[in-house]
Number of protein chains: 2
Amino acid sequence: METLDTVPDEDFLRLDHQICFSLHAATRAFNGVYREALKELGLTYPQYLVMLVLWEHGELPVKGIGERLRLDSGTLSPLLKRLEAAGYVERRRSAEDERSVTVRATGAGAELRERALGVPRRIAAATGLDLAEIAELRDRLGALAARLDGIDPDALRPSCG
Amino acid sequence: METLDTVPDEDFLRLDHQICFSLHAATRAFNGVYREALKELGLTYPQYLVMLVLWEHGELPVKGIGERLRLDSGTLSPLLKRLEAAGYVERRRSAEDERSVTVRATGAGAELRERALGVPRRIAAATGLDLAEIAELRDRLGALAARLDGIDPDALRPSCG
DNA sequence: CACGATTTAGTTGTGCACAACTGAATCGTG
DNA sequence: CACGATTCAGTTGTGCACAACTAAATCGTG
């Protein structure tokens, strides 16, 4: 089998162009499709992800949301502020640990879930993938992400290439 | 085989949580890995994509870059201005069509290519995927993106779900 | 040729990602 | 108990994505 070592740098650069582009394109295409589907709910895609975890887990501290979505407070704080302004979530300082802020869906947020139920099905139908393919894609992407997250930054430095 | 139609909305919402998350996570993990690898070059990931197309195609109008990367002038104009400020590209109004701005790599931009040659190999090695797997992932993502880009927006509206 | 439609870059405004930082609360160890 | 280290949310600044818009050049049709 052809191994990585036998391929010239030039070919790698070309292949890189292709895979970078397709990953970038797939992500933006997915975002675009969700943007369209979520327009009627008044949610962005990241806001929808936050609502999904709140619907699934009930109330969570900001940190808990961040762990599940791999987002930090710099991203979540303003996003949650917008969700709060829209009336979908409420935030309050935890009584037990006043460093922590607990986030939970409001009544309007719960109603939103009912309106959101149809979204994933329409997306799935639009992709033309069946359930098994969707699950496989999920697993591949999940495995890739886990592997990438586990990379030692030093392995990306020139000295180790 | 289980079809989409027989799956309850609730299960879809849960599956959606998973696939949204894994796509989002894979993208951000990839971005993070590239960010690290490109740090020494002083490039961001989108800037690197632009340099890749310029290295491959020689000079291109802004529109040509946008078509290849599916980016509009609102994204490209400031990005190119930064690449120009860094000395990697130069822009000049086309003589034939003064609406158009031609972008090409400078000498420093060409030197950057030499230093960039090792990057994709290190990324590929870090993913632990072999060439065939990389090519397969590229094709799957490309096909998915093409399918998503081709979706009729109306198909995402509630009335058609 | 004239003039409305189109094309091309660019600008503005909103939202997300992330690094670096701040400040307050809490924890752990002496 | 005291005090330095850590944790947590939030802020600031930079860059990207995208929608909506502007201005200038070009095109196409009468």
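In what follows, chains carry the letters A, B, and so on, assigned in the order in which the sequence lines appear, proteins first and then strands, with residues in each chain numbered from 1.
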remark   = Regarding the side chain of B:Ser73, the nearest nucleotide among C:dG10, D:dA25, D:dC18 is C:dG10
ask   = What's the CG-P distance between A:Leu83 and D:dG10, to the nearest Å?
value = 13 Å
key: Residue matched to D:dG30 through Watson-Crick or wobble contacts both under 3.5 angstrom   = C:dC1
key: Pair A:Arg140 + A:Glu136, salt bridge at N-O below 4.0 Å   = yes
task = Kindly point out which of D:dA9, C:dA9, D:dC18 is positioned nearest to the side chain of B:Lys63?
result = C:dA9
message = Please confirm whether the shortest side-chain N or O distance from A:Arg91 to OP1 or OP2 of D:dA9 is below 4.0 Å.
response = no
request  = Identify, between A:Thr102 and B:Gly74, the residue whose nearest nucleotide on DNA chain D lies closer to the 5' end.
outcome  = A:Thr102
inquiry  = In whole Å, I'd like the distance from the NE2 atom of B:His24 to the C1' atom of C:dG15.
reply    = 12 Å
ask   = Taking CZ from A:Arg28 and C1' from D:dA19, how many angstroms apart are they, rounded to a whole number?
value = 15 Å
request  = In whole angstrom, give the distance that lies between atom OH of B:Tyr45 and atom P of C:dA19.
outcome  = 16 Å
query = Quick check: does any side chain N or O of A:Arg93 sit under 3.5 Å from a backbone N or O of A:Arg99, one acting as donor and the other as acceptor?
reply = yes
request  = Take the protein atom CG of B:Leu79 and the nucleotide atom P of D:dC18, then report the distance between them rounded to whole Å.
outcome  = 13 Å
task = Verify the contact: side-chain N or O of B:Lys81 to OP1 or OP2 of C:dT11, cut-off strictly under 4.0 Å; return yes or no.
result = yes
task = Mind running side-chain hydrogen bond (donor to acceptor under 3.5 Å, both in side chains) on B:Ser94 and B:Ser100 for me, showing each step along the way?
result = CA-CA 5 Å; B:Ser94 162; B:Ser100 178; 5.0 Å; no
Residue-phosphate contact under 4.0 Å: B:Ser100 side-chain N/O, C:dT7 OP1/OP2 = no
inquiry  = Need one value for B:Thr75: base, sugar-phosphate or nothing, where a base atom within 4.0 Å counts as base even if backbone is also close, heavy atoms only.
reply    = base
task = Report the distance from atom CZ of A:Arg93 to atom P of C:dA24, rounded to the nearest whole Å.
result = 11 Å
query = Can we say A:Glu133 and B:Arg147 salt-bridge, meaning some charged N sits less than 4.0 Å from an Asp/Glu carboxylate O?
reply = no
inquiry  = Testing the basics here: between A:Gly109 and A:Trp55, what is the closest heavy-atom pair and its distance to 0.1 Å?
reply    = O-NE1, 3.0 Å
task = For A:Asp72 and for B:Glu67, locate the closest nucleotide of DNA chain C by heavy-atom distance; then report the residue assigned to the nucleotide nearer the 5' terminus.
result = B:Glu67
Pairwise 5' ranking along DNA chain D for B:Glu98 and A:Pro61, keeping only the more 5' one = A:Pro61
Presence of salt bridge, A:Arg122 and A:Glu36, under 4.0 angstrom = no
key: Separation of C:dA19 P from B:Arg35 CZ (nearest whole Å)   = 5 Å
ask   = Of the nucleotides D:dG10, C:dT6, C:dG10, which one has an atom closest to the side chain of B:Arg99?
value = C:dT6
inquiry  = If the cut-off is 4.0 Å, is A:Ser77 near the phosphate of D:dG10, judged by side-chain N/O to OP1 or OP2?
reply    = yes
Sugar-phosphate only, base, or nothing, as touched by A:Leu76 at under 4.0 Å among non-hydrogen atoms = nothing
query = To the nearest angstrom, how far is A:Lys39 atom NZ from C:dG15 atom P?
reply = 15 Å
